[in-house]
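We name chains A, B, ... by the order of the sequence lines, and we start the count at 1 in each one.
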2 protein chains.
Amino acid sequence: MKRRNTVSRQEVLAALQSSDRALSHDMIQSEVSGIDRATIYRILNRFSEDGLVHKIIGDDGKQYFALCVNCEKGHHHHNHFHFRCRSCGKVECLREEVRVHLPPGYIPEAFNGVITGQCGACSSIPA
Amino acid sequence: MKRRNTVSRQEVLAALQSSDRALSHDMIQSEVSGIDRATIYRILNRFSEDGLVHKIIGDDGKQYFALCVNCEKGHHHHNHFHFRCRSCGKVECLREEVRVHLPPGYIPEAFNGVITGQCGACSSIPA
DNA sequence: GTAACTGCAAAATATTTGCATCCTT
DNA sequence: AAGGATGCAAATATTTTGCAGTTAC
């Protein structure tokens, strides 16, 4: 299916580019002009199908979308974990750093998870 | 808050005990007699608060509940990952086997993730 | 007896879809 | 011109909540 370069697409993409966090639909909605909810969802799902963004499910069950600059493009099975900082909200991909040791005979195929905690910047700020 | 030993609780608990997989609400609903949806959700959320079951969010965004026999009780922050076998559907806790290496300064607080793949039993069966 | 539990109905939330119209290519 | 994209409204799905009646302890 061909994609067209519309203003809505550009605005949603810009919103994603403006942040290093994974954004939920409503975060994106508030950053773009007057694009319809359904349209934003359709755009995001197409981005995800095309491997432009990762769709991750937060521990709140909601969908979050993140341009994943550290990852190869077209990598939308995202075989890695994400780290979400509880303090600043930033979401990062943990591509190289995660090593998972499974019991013998276990074959991992897809990783999908979020580790919540404090990132390096926030953990160095004294409470 | 005190808990009462009602028939509904027993039936939901039995449903969870009858399976080594994490069950969604509708799976449990179909295994118990005529308990109301809202009641099942309330029971499951209380089980989760009490640390009897893990509430995990599937990659479909839905809630799944699993008695976690390998884990200490009262461990409802579930600082470990789960493994879901694509072939047999079994869900297991991966308490000891998972080692996550984060960048320096990063402090993990909660892990919530599901690794999908094939378990030892299924991977030994030739396709 | 009282506080927790239940069923019912309705609300809240998140996401998708049908359809007529618009706009990019 | 053709087919993807959009807005609107309505549908769908999941989970929660208010409330009045019931039950366990």
Side-chain angles (χ1 to χ4, degrees), chain A residues 1-16 19 21-66 76 78 82 84 89 91 112 114, chain B residues 1-16 21-66 76 78 82 84 91 112 114:
Chain A
M1 221 187 274
K2 279 251 182 65
R3 298 284 129 95
R4 288 182 182 177
N5 190 23
T6 64
V7 179
S8 302
R9 264 177 86 92
Q10 288 164 16
E11 287 196 42
V12 172
L13 188 59
L16 289 165
S19 165
R21 323 194 205 176
L23 302 177
S24 62
H25 165 268
D26 46 291
M27 291 162 162
I28 294 165
Q29 179 93 63
S30 68
E31 283 201 36
V32 298
S33 43
I35 310 177
D36 192 73
R37 223 170 349 145
T39 301
I40 295 179
Y41 273 114
R42 274 186 280 235
I43 289 172
L44 289 170
N45 282 329
R46 261 146 227 182
F47 281 171
S48 170
E49 288 160 22
D50 296 344
L52 245 113
V53 305
H54 293 310
K55 181 198 280 196
I56 68 181
I57 307 290
D59 20 359
D60 53 3
K62 284 168 59 180
Q63 300 177 164
Y64 288 80
F65 299 86
H76 70 281
H78 46 97
H82 293 88
R84 173 159 61 184
V91 172
N112 197 344
V114 181
Chain B
M1 220 187 272
K2 278 252 182 67
R3 299 283 127 95
R4 285 180 184 177
N5 189 24
T6 64
V7 179
S8 302
R9 264 176 86 92
Q10 288 165 17
E11 287 195 45
V12 172
L13 187 58
L16 290 165
R21 319 198 209 175
L23 302 177
S24 62
H25 164 268
D26 46 291
M27 293 163 160
I28 294 165
Q29 180 93 64
S30 68
E31 284 201 36
V32 298
S33 42
I35 310 177
D36 191 73
R37 222 170 348 140
T39 302
I40 294 178
Y41 272 114
R42 274 186 281 236
I43 289 172
L44 290 170
N45 281 329
R46 261 145 225 182
F47 280 171
S48 170
E49 289 161 20
D50 296 344
L52 246 113
V53 305
H54 292 310
K55 181 197 278 194
I56 67 182
I57 306 291
D59 19 357
D60 53 3
K62 285 167 58 178
Q63 301 178 162
Y64 288 80
F65 298 86
H76 71 280
H78 48 96
H82 293 88
R84 173 160 60 186
V91 172
N112 197 345
V114 181

Problem set entry | Nucleotide nearest B/R4 when distance is taken to its side chain, options C/dT16, D/dC25, D/dG7 |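 Nearest to the side-chain atoms of B/R4, counting from C-beta on, is D/dC25.
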For this session: Ignoring the backbone of B/I43, work out which of D/dG7, C/dT6, D/dT16 is nearest its side chain.
Result: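 Of D/dG7, C/dT6, D/dT16, C/dT6 is nearest to the side chain of B/I43.
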How many angstroms lie between atom [atom1] of [X] and atom [atom2] of [Y], to the nearest 0.5 angstrom?
| X | Y | atom1 | atom2 | value |
| --- | --- | --- | --- | --- |
| A/E11 | A/E31 | CD | CD | 10.5 Å |
| B/I43 | B/L52 | CD1 | CG | 12.0 Å |
| B/I35 | B/R42 | CD1 | CZ | 12.5 Å |

If you compare every side-chain N and O of [X] against the phosphate oxygens of [N] (OP1, OP2), does one of them come in below 4.0 Å?
| X | N | result |
| --- | --- | --- |
| B/R46 | C/dC5 | yes |
| B/Y41 | D/dT16 | no |
| B/T6 | D/dT23 | no |

Once you apply a heavy-atom cut-off of 4.0 Å, does [X] come out as touching a base, just sugar-phosphate, or nothing?
| X | value |
| --- | --- |
| B/T39 | base |
| A/N45 | sugar-phosphate |
| A/R3 | sugar-phosphate |

Whole Å only: how far is the [atom1] atom of [X] from the [atom2] atom of [N]?
| X | N | atom1 | atom2 | value |
| --- | --- | --- | --- | --- |
| B/R37 | C/dA12 | CZ | C1' | 13 Å |
| A/L44 | D/dA5 | CG | C1' | 14 Å |
| A/H25 | C/dA14 | NE2 | P | 10 Å |
| A/D26 | C/dA14 | CG | C1' | 10 Å |
| A/I28 | C/dA14 | CD1 | P | 14 Å |
| A/Q10 | C/dC23 | CD | P | 15 Å |
| A/E49 | D/dA5 | CD | P | 10 Å |
| A/I40 | D/dA5 | CD1 | P | 15 Å |

For this session: Might you point out which heavy atoms bring A/L16 and A/F65 nearest each other, and give the distance in Å?
Result: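 Smallest interatomic distance, heavy atoms only, reads CD2-O, 3.6 Å.
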Problem set entry | Donor-acceptor pair under 3.5 Å, B/R42 side chain vs C/dG7 base |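 Present.
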Problem set entry | Toward the 5' end of DNA chain D, by each residue's nearest nucleotide, B/K62 or A/G34 |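 Comparing both residues, the 5'-ward one is A/G34.
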Problem set entry | Residue whose closest nucleotide on DNA chain D lies nearer the 5' end, B/A38 versus B/N5 |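 It is B/A38 whose nearest nucleotide is closer to the 5' end.
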Exercise. Donor-acceptor pair, B/D36 side chain versus B/A38 backbone, under 3.5 Å?
Worked result: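 Yes, because the side chain of B/D36 sits within donor-acceptor range (under 3.5 Å) of the backbone of B/A38.
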